[in-house]
Amino acid sequence: MKKQEALDRRYMRMAYVWAENSYCERRQVGAIMVKNRMIISDGYNGTPCGFENVCEDDSFKTKPYVLHAEANAITKIARSHNSSEGATMYVTTSPCIECAKLIIQAGIVRVVYSDEYHVTDGLDLLKRAGIEVCRIDMSNHE
C-alpha cells in the first residue's frame with residue numbers, strides 16, 4: 001500500500017470515529033480537515049450550538065437546520081486562527097452540493113470520502129472546480 005493511501009485510510013478511520021459524536025439517527029457523518037499532516041479541524045453532523053440534540057422530526061426526516069459535518073468543520077476553522085487553504089478534507093459520506101460550495105470557497109484542494117451520498121451533484125461540482133476527489137472503500141471501517 002502506498003504511503004498516501006495508508007495515511008488516507010488512517011484519517012478516514014478517524015473521521016468515522018468522529019462521526020460517532022453525532023446525535024443524528026438516520027446517518028452519522030464525520031469530517032476531519034488535514035493540512036501538512038496535522039488535523040486542523042473536525043466536525044460531525046448535528047444541530048447548531050444551543051439547540052436540542054435531536055436531528056430528526058417526528059416523521060424521521062432530518063430537520064432543515066441540521067449542519068453537515070463538512071459545514072461544521074469549515075465553520076470551526078473559520079472561528080480559529082488557522083487557514084483551510086490547501087487542506088484535505090476526509091469525510092465519511094460524499095459532500096452534498098451545499099457543502100461542496102463551502103469546500104470550494106474554503107480553499108480545500110482535496111476531498112477523500114468513503115460512502116456515496118444518493119446525489120452526486122456535490123462531487124460533480126468539486127471536480128468541476130478542480131478539486132481532487134478520491135473515494136476509499138471503508139465499508140468495514142478497517
Side-chain angles (χ1 to χ4, degrees), residues 1-51 53-57 59-142:
M1 183 182 308
K2 295 178 187 172
K3 191 173 187 176
Q4 184 61 55
E5 185 180 348
L7 281 171
D8 287 346
R9 288 187 173 281
R10 279 189 209 113
Y11 287 127
M12 188 59 72
R13 283 195 303 271
M14 294 170 88
Y16 273 101
V17 169
W18 204 242
E20 294 172 13
N21 288 312
S22 173
Y23 288 91
C24 296
E25 294 179 38
R26 287 182 61 213
R27 179 189 303 257
Q28 293 180 313
V29 181
I32 301 287
M33 201 181 306
V34 176
K35 185 174 176 180
N36 300 323
R37 291 195 178 174
M38 293 187 312
I39 295 172
I40 59 170
S41 191
D42 52 53
Y44 52 88
N45 56 328
T47 56
C49 295
F51 282 65
N53 288 320
V54 179
C55 298
E56 293 84 11
D57 63 19
S59 58
F60 208 56
K61 290 181 74 175
T62 300
K63 293 179 179 179
Y65 53 83
V66 168
L67 291 156
H68 290 188
E70 305 95 317
N72 269 324
I74 290 168
T75 55
K76 186 175 185 178
I77 199 154
R79 294 179 71 171
S80 75
H81 297 290
N82 289 321
S83 168
S84 54
E85 191 74 35
T88 296
M89 178 171 281
Y90 295 86
V91 61
T92 56
T93 302
S94 61
C96 70
I97 189 87
E98 294 302 318
C99 288
K101 290 189 268 186
L102 293 174
I103 289 167
I104 293 164
Q105 290 300 97
I108 295 166
V109 296
R110 186 167 180 258
V111 174
V112 181
Y113 71 96
S114 177
D115 303 331
E116 289 241 325
Y117 191 59
H118 66 277
V119 181
T120 62
D121 54 356
L123 292 175
D124 297 339
L125 186 63
L126 292 173
K127 291 173 188 172
R128 181 175 171 198
I131 293 173
E132 181 185 346
V133 175
C134 178
R135 181 171 189 257
I136 294 182
D137 183 10
M138 299 284 289
S139 51
N140 61 3
H141 301 232
E142 296 172 34

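Every value quoted in this text rests on a predicted model; they were computed, and no experiment measured them. Heads up: numbering here begins at 1 and tracks the sequence.
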Going by heavy atoms in the side chains, are N82 and S84 under 4.5 Å from each other?
no
Shortest non-hydrogen contact from N72 to T75?
O-OG1, 3.2 Å
By the definition side chain to side chain contact (heavy atoms under 4.5 Å, CB included), identify the one residue from I77, I39, D42 that meets it with M33.
I77
Could you walk me through whether Y90 and D8 pass the side-chain hydrogen bond (donor to acceptor under 3.5 Å, both in side chains) test, one step at a time?
CA-CA 8 Å; Y90 295 86; D8 287 346; 2.6 Å; yes
Apply side-chain contact (heavy atoms from CB on, under 4.5 Å) to residues N53 and T47 and explain how you reach the verdict.
CA-CA 6 Å; N53 288 320; T47 56; 3.7 Å; yes
Within a strict 4.5 Å, meaning less than it, do heavy atoms of the S114 and Y16 side chains meet?
yes
P95 side chain reached by L126 side chain, heavy atoms, under 4.5 Å:
yes
side-chain contact (heavy atoms from CB on, under 4.5 Å), that's the test. Do L102 and E70 meet it? Break it down for me.
CA-CA 8 Å; L102 293 174; E70 305 95 317; over 6 Å; no
Do the side chain of E56 and the main chain of C24 share a donor and acceptor less than 3.5 angstrom apart?
no
If you apply the rule side-chain contact (heavy atoms from CB on, under 4.5 Å), what do you find for V54 with E25, and how did you get there?
CA-CA 9 Å; V54 179; E25 294 179 38; over 6 Å; no
Donor-acceptor check, side chain of T92 to backbone of A15, threshold 3.5 angstrom: yes or no?
no
Using every non-hydrogen atom in the two residues, find where E116 and L123 come nearest and quote the distance to one decimal.
OE2-CD1, 4.0 Å
If only side-chain N and O atoms count, and only distance matters, is there a donor-acceptor pair under 3.5 Å linking T88 with Y11?
no
Any side-chain heavy atom of L125 sitting closer than 4.5 Å to one from K101?
yes
Quick check on salt bridge (charged side-chain N to carboxylate O under 4.0 Å, His left out): which of K2, R9, K3 does E5 satisfy it with?
R9
Should the pair W18 and Y44 be assigned to parallel (<30°), tilted (30 to 60°) or perpendicular (>60°) ring geometry?
perpendicular
For R110 and I108, work out which heavy atoms get closest and say how close.
O-CG2, 3.4 Å
Would you confirm whether D57, through its side chain, and S59, through its main-chain N or O, come within 3.5 Å as a donor-acceptor pair?
yes
What is the distance from atom CD of Q4 to atom SG of C134, rounded to the nearest 0.5 Å?
8.5 Å
Ignoring hydrogens, what is the shortest heavy-atom contact between C99 and A71? Give both atom names and the distance.
SG-N, 4.2 Å
Report the C-alpha separation of V109 and E132 in whole Å, then their side-chain angles, then the decisive distance to 0.1 Å, and conclude whether the side-chain contact (heavy atoms from CB on, under 4.5 Å) test is met.
CA-CA 6 Å; V109 296; E132 181 185 346; over 6 Å; no
With side chains defined as the heavy atoms from C-beta onward, is the minimum distance between V34 and I32 less than 4.5 Å?
yes
Please find the pair of heavy atoms, one from A106 and one from I74, that lie closest to each other, and give the distance.
CB-CG2, 4.1 Å
Is there side-chain contact between R13 and M138, with heavy atoms separated by less than 4.5 Å?
yes
L67 vs N45 side-chain heavy atoms within contact, under 4.5 Å:
no
Locate the shortest heavy-atom distance separating K35 from A87; write the atom from each residue and the value.
CB-CB, 4.2 Å
Do S41 side-chain atoms and A73 backbone N/O form a donor-acceptor pair below 3.5 Å?
yes
Is the closest side-chain heavy-atom distance between H68 and C96 below 4.5 Å?
yes
